[in-house]
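This report concerns only the one structure given below.
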Amino acid sequence: MRAPIDNLKSASPSPIQSDPENRKGATAVLSALFMAVMLGVCAFAVDIGYITNTQTELRRAVDAGALAGAGVLVNGPAAADPVVKQYVKANLVGARAAKDSEISVTAGNWSSGAFFPTQNRPSALRVVVQRQQQPLFFARVFGRDTFDISAEAIAQYQPRDIMLTLDFSGSMNDDSTYAARSTLGIPFVTSNLQQIYGELGSPTYGNMTFNGVFINSTNSTTLRNTLGLTNVPYPYPGGSWTEFFSHVQNNSDLNGAGLRKYYGYKTLIHYWLVDRAKHSET
């Protein structure tokens, strides 16, 4: 015989009722556990990031010091050492400059991928900076207060032979003679002659001026007297005042520039460039 449904329901066990009083402090325990985890994450994120950034700053400092020192190493290791330290200190690491005691500078040579210390005509510098007891932040919770880092850089200068060619043939005079007046213009050529006169030290001969004066006479004595050159010796081994007078009277380029029989420094320099351009002459 089946039992009534009401009897079946009443026969089921009743659910267990939790007592709120028994759960006090559970949240505090979880919070403490999560706090420890969060501190660990902060220590990893902040402190590891700080260490990485400090290492990057240190590498930048040693790179700058090595490059700057190598640039003056041709003057000797003694000249390079203060330059290295100056540039290393100019690049702050962890918000402060490196100390002299933290910087090591070694002169040597770089060959086949290796550095060899030497004081005999060194061509490279090795710079090492060691920073000890750099402070940490959140990691102090785990008993780690500081960290040590170091960085090294090697820089080499490569000497180059420089050859200077001096052209004594006179072929470089073209832009400074009135032969170029049709292509460059008279003012341009005159400006070049003015520059040459200044670079010669603006010498004074008699009472001549740069632009000169027109003298119609072709007599050498008259020209010397008029220009105040009677007792002034000609300044260079090649040429003479008489030859200069002849140049001003007969040169076709001066005539084309309207300077025939104009005696002054610009026509004197023109004479040197055209007729006496050799090193042995002027």
Side-chain angles (χ1 to χ4, degrees), residues 47-136 145-173 175-176 192 195-203 235-237 277-282:
D47 289 333
I48 296 300
Y50 177 66
I51 292 173
T52 302
N53 182 70
T54 305
Q55 184 71 56
T56 300
E57 291 179 341
L58 190 61
R59 287 173 180 166
R60 179 187 63 195
V62 296
D63 285 347
L67 289 171
V72 297
L73 188 56
V74 67
N75 298 321
D81 187 81
V83 175
V84 170
K85 293 178 179 178
Q86 174 188 350
Y87 277 80
V88 169
K89 293 177 181 178
N91 291 270
L92 301 183
V93 178
R96 77 169 177 86
K99 300 177 182 178
D100 285 350
S101 59
E102 298 173 331
I103 305 172
S104 173
V105 184
T106 306
N109 292 315
W110 178 263
S111 178
S112 301
F115 181 81
F116 301 95
T118 181
Q119 292 292 317
N120 183 21
R121 299 178 65 183
S123 62
L125 280 180
R126 179 173 61 194
V127 180
V128 179
V129 178
Q130 294 182 331
R131 173 67 61 84
Q132 296 180 340
Q133 296 185 340
Q134 192 71 17
L136 291 170
D145 295 337
T146 60
F147 65 97
D148 300 335
I149 57 172
S150 64
E152 174 182 317
I154 299 174
Q156 177 187 27
Y157 82 88
Q158 296 180 337
R160 292 289 183 266
D161 293 331
I162 300 176
M163 180 174 67
L164 177 64
T165 301
L166 301 179
D167 185 356
F168 295 150
S169 69
S171 63
M172 303 298 290
N173 295 345
D175 291 352
S176 301
N192 285 350
Q195 181 180 351
I196 294 172
Y197 176 67
E199 291 177 353
L200 289 174
S202 302
Y236 293 112
K278 292 182 179 181
H279 182 254
S280 60
E281 296 174 330
T282 304

*A98 and V129: which non-hydrogen atoms are nearest, and at how many Å?*
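The pair with the smallest heavy-atom distance is CB-CG1, 4.3 Å.
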_For T118 against N120, the heavy-atom pair lying closest together_ =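 The pair with the smallest heavy-atom distance is OG1-N, 3.1 Å.
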Extract all donor-acceptor atom pairs below 3.5 Å that involve side chains of residues 49-70 and protein atoms in other chains or at least two apart in sequence.
unit_1 : atom_1 : unit_2 : atom_2 : d
Y50    : OH     : Q134   : NE2    : 3.0
T52    : OG1    : I48    : O      : 2.9
N53    : ND2    : E57    : OE2    : 3.3
T54    : OG1    : Y50    : O      : 2.7
Q55    : NE2    : S150   : O      : 2.9
T56    : OG1    : T52    : O      : 3.0
E57    : OE1    : G94    : N      : 2.8
R60    : NH2    : L92    : O      : 3.3

*Only counting residues at least two apart or in another chain, list the ones meeting side chain to side chain contact (heavy atoms under 4.5 Å, CB included) with P237.*
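Here no residue qualifies.
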Listed partners of [X] passing side-chain hydrogen bond (donor to acceptor under 3.5 Å, both in side chains), at least two apart:
X    : answer
E281 : R276
Q158 : R160
N173 : none
E199 : Q195

_Show every salt bridge (Lys or Arg N to Asp or Glu O under 4.0 Å) that has at least one partner inside residues 105-126, sequence neighbours left out._
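Not a single pair qualifies under salt bridge (Lys or Arg N to Asp or Glu O under 4.0 Å).
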*State, with a plain yes or no, whether a side-chain heavy atom of P203 is found less than 4.5 Å away from one of P235.*
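They are not in side-chain contact.
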Working to the nearest 0.5 Å, report the span between [atom1] of [X] and [atom2] of [Y].
X    : Y    : atom1 : atom2 : answer
I154 : L125 : CD1   : CG    : 10.0 Å
Q130 : E152 : CD    : CD    : 10.0 Å
Q133 : D148 : CD    : CG    : 7.0 Å

_Backbone of N192 reached by a side-chain donor or acceptor of D175 within 3.5 Å_ =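 Not a single qualifying donor-acceptor pair exists.
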*asked:* Please enumerate all residues that pass ring pair (Phe, Tyr, Trp, His ring centres under 6.0 Å) together with Y87, with sequence neighbours excluded.
replied: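 By the ring pair (Phe, Tyr, Trp, His ring centres under 6.0 Å) rule, Y87 matches no residue at all.
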_Residues which pass ring pair (Phe, Tyr, Trp, His ring centres under 6.0 Å) with Y236, listed by chain and number, not counting sequence neighbours_ =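 Y236 satisfies ring pair (Phe, Tyr, Trp, His ring centres under 6.0 Å) with W272 once adjacent residues are dropped.
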*For D100, check salt bridge (Lys or Arg N to Asp or Glu O under 4.0 Å) against everything at least two apart and list the hits.*
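D100 satisfies salt bridge (Lys or Arg N to Asp or Glu O under 4.0 Å) with K89 only.
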*With sequence neighbours excluded, tell me which residues meet salt bridge (Lys or Arg N to Asp or Glu O under 4.0 Å) with R96.*
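Result, salt bridge (Lys or Arg N to Asp or Glu O under 4.0 Å) vs R96: E102.
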*Which pairs count as side-chain hydrogen bond (donor to acceptor under 3.5 Å, both in side chains) when at least one residue sits in residues 104-116, sequence neighbours excluded?*
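Listed once each, the pairs are N109-S123.
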